[in-house]
Amino acid sequence: MDCTNKIHVVYDDGLLGLNGQNYQYLFSYEKGGLESMRFNDKEWLYRPLYPTYWRATTDNDRGNGFNFKSAQWLGADLAPKCIKIDLTVDDRHFDQLPIAPLTNQFSNQEFAKQVKIEFTYETATNPSARVKLAYLIDARGKCRLTAHYFGQAGLPELPVFGVRLIMPTLATEFEYDGLSGETYPDRMAGGVKGTWHVKGVPVTPYLTPQEMGMHMQNAWLKIVRDQTQNNADHDQQPFALMIRQTEQPFNFSLLPYTASELENATHIEELPLKRRTVLVVAGAVRGVGGIDSWGADVEEQYHLPADRDYQFSFEIEPAIIE
Amino acid sequence: MQADLKWLDDPQTFRVNQLPAHSDHQWYLDYAETGQQSSSFTQSLDGQWRFAFAKDPQNRIKEFYAPDYDVSQWDLIKVPSMIELNGYAQNQYTNIWYPWAGKIYRRPAYALSPDDLQVGSFSQGTDNTNGSYVKHFDLNESLRGKKVRVRFEGVERAMYVWLNGHFIGYAEDSFTPSEFDLTPYLKDTDNVLAVRVYKHSTASYLEDQDMFRFSGIFRSVKLLGQPKLHLEDLDLKPRVTDDFKTGIFNVDLKLQGQDGQVLIKVFDAQGNLVVDERKSAAERVAVHDIKVKDAHLWDNHHPYLYQLFVELRDQAGQLLEVVPYRFGFRRVEINADHVVLLNGQRLIINGVNRHEWNCRTGRCVTMADMEQDMATFKENNINAVRTCHYSDQIPWYYMCDQEGIYMMAENNLETHATWQKMGQDEPSFNVPGSIPQWKEVVVDRARTNYETFKNHTAILFWSLGNESYAGDNLAAMQKFYKDHDDSRLVHYEGVVHTPAYRDRISDFESWMYLPPKKVEEYLQNNPDKPFIECEYMHDMGNSDGGMGSYIELIDKYPQYVGGFIWDFIDQALLVHDEISGQDVMRYGGDFDDRHSDNEFSGDGLMFADRTPKPAMQEVRYYYGLHK
């Protein structure tokens, strides 16, 4: 397999493997999503990558009842369900997904220039909405991820729409090109454009843990780790992942916790020990508001109505450590 | 006179033998002392005091103030500090409801009927924890033979004072200085100062601020000696001519003591002498209408201060006392279009509400805390502060003069639980209301706030207090300010609930947390008063979104003055957590305190440890737009 300008495609019974010189992707049909993303032998996923709809309740959300009104989205966030998978390898679209026994027709000598795999989810809401995550992977292992939320009438407003990528170990630092500090759609006038370097994965010490750490309008984000969970990996050298904008700048938060972990703590010290890194790349972010904390809603233009489509994309690739 | 426990129950008894409030000037023996800001007329009593705690008045140690009472086995407590944070009484945080809600049924005296005295309400209150403090001291050499008073700069909430076994006085009003003359009973050595502090009295009704409910001697205690001729009160009334080019210097002095001379000198910042007056000492000495040409006016960008020295000399010309005071010339007014002007220019308030807070010591804050807060103001384009909802420590006012921070100097008053019930106006037993027996106590709070701080250039507005409904008694407070001070505006927000008083209370239309669209509706409708948001942008947790909608109003409507963000610093307490082994922030409800409003006081632009929240960059940006 000296083929460096093509993807080695493994049509396995429950998995689709995409392999190259320095990358490996495993898409799980059972889990309904991207299960493994390995660059230079370093794993970047702890659990499959899924859409995310919930952000931890802020004090103002609680005051105006937003957490009650939109509580369905908490359930949707915790319980993803994949209902459809579409695969296109180069120009070949599989009308039937290549699972056993269809996989028997393949060999270990399957190659492609480009693979597109799309996962469609239904949300645990009533009525349910549909979300599609489409991965487009090229021969060099670069992945372009496009997330699409299909508007559905009759649902409460969304707290956020994004994808959540949980990494097995804690990042040591990150760097991004975007606005300074913690920004939200209705709180970004003071953010200064620039390249910002952050040590560790800080948690903003709000008295009660709540939604935190959003960064709006970024061109790129580089996340550095120096540990894996691979028992045979004794290397301590830092390694990094790069997220880049495609058409539009992207928004992200990088925290040691998921929204539901934040949701459950009444004090910072009740949060779990920091051990993983949770990246949320968010296409649509609800504002945080601030007129008062006992009833005032976020200003109208910073709401995310559920009957509207939301789509965003970004690219993932290994980064060079300089 | 003997102390009477029943004073705790009586809203008409709030000061006994207390010296009248006066200006907050300091006095020194000579110029060398003024340079060092260390006066030989001052003796600090801060430090370790003997202390005994009692869970209610019935369990107090009755004769502890007797000079021969042995307190050598008592605990030691640091003065200043809060009793609760020394572990004696439970920490409790409640916002609106009184701390006794659901535990003790109380109504304010006279609130339901004129003959309802509520005898025993606090004097027999089973929740009325109290501390007995004893300080033994020798008088510094420099104070011996002089008239000496004691000044308590802040005591929550009601206190009785004895010296050498003699009852000296009683005071309420937790956040303003209380002074008592000690001279008749003072010895050179072996003095015993005894103070009993009760957590509750009728003052508790007036001090229902949204904060941790503490008690104790939480600000400094000082002995103040006075020379044979002494300046008791300094009343500066600097004015500015209509063309804003000339300052007009006025001063009224109240003197105590023997005959002598008074020299009044004012220097500009370059050291030029611009006022030089000499008068014979008398009980009252006044100098009026002295013109200071080409005066440098004071504002946020150029907090230009002139230096006053008042020298008191005896007949032979010997210097007895020198009083320095720095002041600025500035003029605040509302023009015919209802626009607030400072020195003829439109005034814009980019303000914050600031509680006195330290996560280790509660409302006992240090100079370093204040200096850090001031530096944070400057870094983030904050140009104004509302002293919510009480009078602050004296040095803060001097710092605001010096740094050009506009002040809304608020009275120590908040009574929301008497009229705001579960979000609804329900004033069936509200105080102070229009109840005659509650009038003098609130006018006294206005008077003390005024007399103490009247010389501070930074104060542009007096504020009658916070969320105390409105009635004849609030109107009487406004009248006090209008009768005594024509150089500042008066603010009170709560009158929006009682339109009948609108013409008698507040120069401003003020409605806290009114959404930008509603503010705009007011401004579009031929406003007859300028609008100010005395509290806005509630910065609880992760918020402060949408601030731009308020800031846009500044450009569109000259009658919009701006506002004060609620608030500057999270109120939370740093506590060692046995489980994690870390020092962590605790808030209401974390001390088994019920009822509690939990993290609701975590609404600062700063975390409780004085690091800025992420939203601060937003404030810096928007406040920088109209700098």
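So you know, we letter chains A, B, ... as the sequences are listed, proteins then strands, and number each from 1.
No side-chain donor-acceptor contact under 3.5 Å links B:Tyr536 and A:Asp292.
Listed options B:Gly624, B:Ala608, B:Ser549 were ranked by heavy-atom pairs under 4.5 angstrom with chain A; first place goes to B:Ser549. In terms of heavy-atom pairs under 4.5 Å with chain B, the best-connected choice from A:Pro205, A:Gly213, A:Ala296 is A:Pro205. Note: A:Thr208 leads A:Thr58, A:Val192, A:Thr208 in heavy-atom pairs under 4.5 Å with chain B. Here B:Ala615 is the residue among B:Gly548, B:Gly423, B:Gly589, B:Ala615 with the most heavy-atom pairs under 4.5 Å with chain A.
Taking the side chain as every heavy atom from C-beta outward, B:Pro614 and A:Tyr206 approach each other to under 4.5 Å. The shortest side-chain heavy-atom distance between B:His538 and A:Ile291 does not fall under the 4.5 Å cut-off.
Within the model, atoms CG of B:Asp577 and CD1 of A:Ile268 stand 11.5 Å from one another, a figure rounded to the nearest 0.5 Å. Of the inter-residue distances, the one linking B:Asp544 atom CG with A:Tyr184 atom OH reads 12.5 Å to the nearest 0.5 angstrom.
Looking at B:Asp570, only its side chain comes within 4.5 Å of chain A, counting heavy atoms on both sides. Looking at A:Arg62, only its side chain comes within 4.5 Å of chain B, counting heavy atoms on both sides. For A:Thr266, the parts sitting under 4.5 Å from any heavy atom of chain B are the backbone and the side chain alike. When heavy atoms are compared at a cutoff of 4.5 Å, B:Asp590 approaches chain A solely by way of its side chain, counted from C-beta outward. For chain B, the nearby parts of A:Ser293 are the backbone and the side chain; heavy atoms of each come within less than 4.5 Å.
For NZ of B:Lys378, the number of neighbouring non-hydrogen atoms (other residues, nucleotides, ligands) closer than 6.0 Å is greater than 12. Under a cut-off of 6.0 angstrom, the local environment of CD in A:Gln229 is crowded, with over 12 non-hydrogen atoms contributed by other residues, nucleotides or ligands. Summarising the local packing, CD of B:Gln424 is surrounded by 12 or fewer heavy atoms from other residues, nucleotides or ligands at distances under 6.0 Å. Dense packing is recorded around CZ of B:Arg594, with more than 12 heavy atoms of other residues, nucleotides or ligands lying under 6.0 Å away.
A:Gly290 and B:Ser543 make their closest contact through CA-CB, 4.2 Å (heavy atoms, listed as atom of the first residue, atom of the second, distance). The shortest non-hydrogen separation linking A:Thr204 to B:Phe607 is CG2-CZ, 3.6 Å. Taking each heavy atom of A:Asp59 and B:Gly541 in turn, the nearest pair found is OD2-CA, 3.3 Å.
Between the side chain of A:Arg187 and the backbone N or O of B:Gly546 there is no donor-acceptor pair closer than 3.5 Å. A donor-acceptor contact shorter than 3.5 Å links the side chain of B:Glu618 to the backbone of A:Ala189. Of the possible donor and acceptor atoms, one in the side chain of A:Gln210 sits under 3.5 Å from a partner among the backbone N and O of B:Asn542. In this structure, B:Gln617 contributes its side chain and A:Ser180 its backbone to a donor-acceptor pair below 3.5 Å.
A:Glu300 and B:Lys517 are not joined by a salt bridge, as no carboxylate oxygen comes within less than 4.0 angstrom of a charged side-chain nitrogen.
Ring geometry for A:His267 against B:Tyr587 counts as parallel: the plane angle stays under 30°, on a 0 to 90° scale with 60° as the upper cut.
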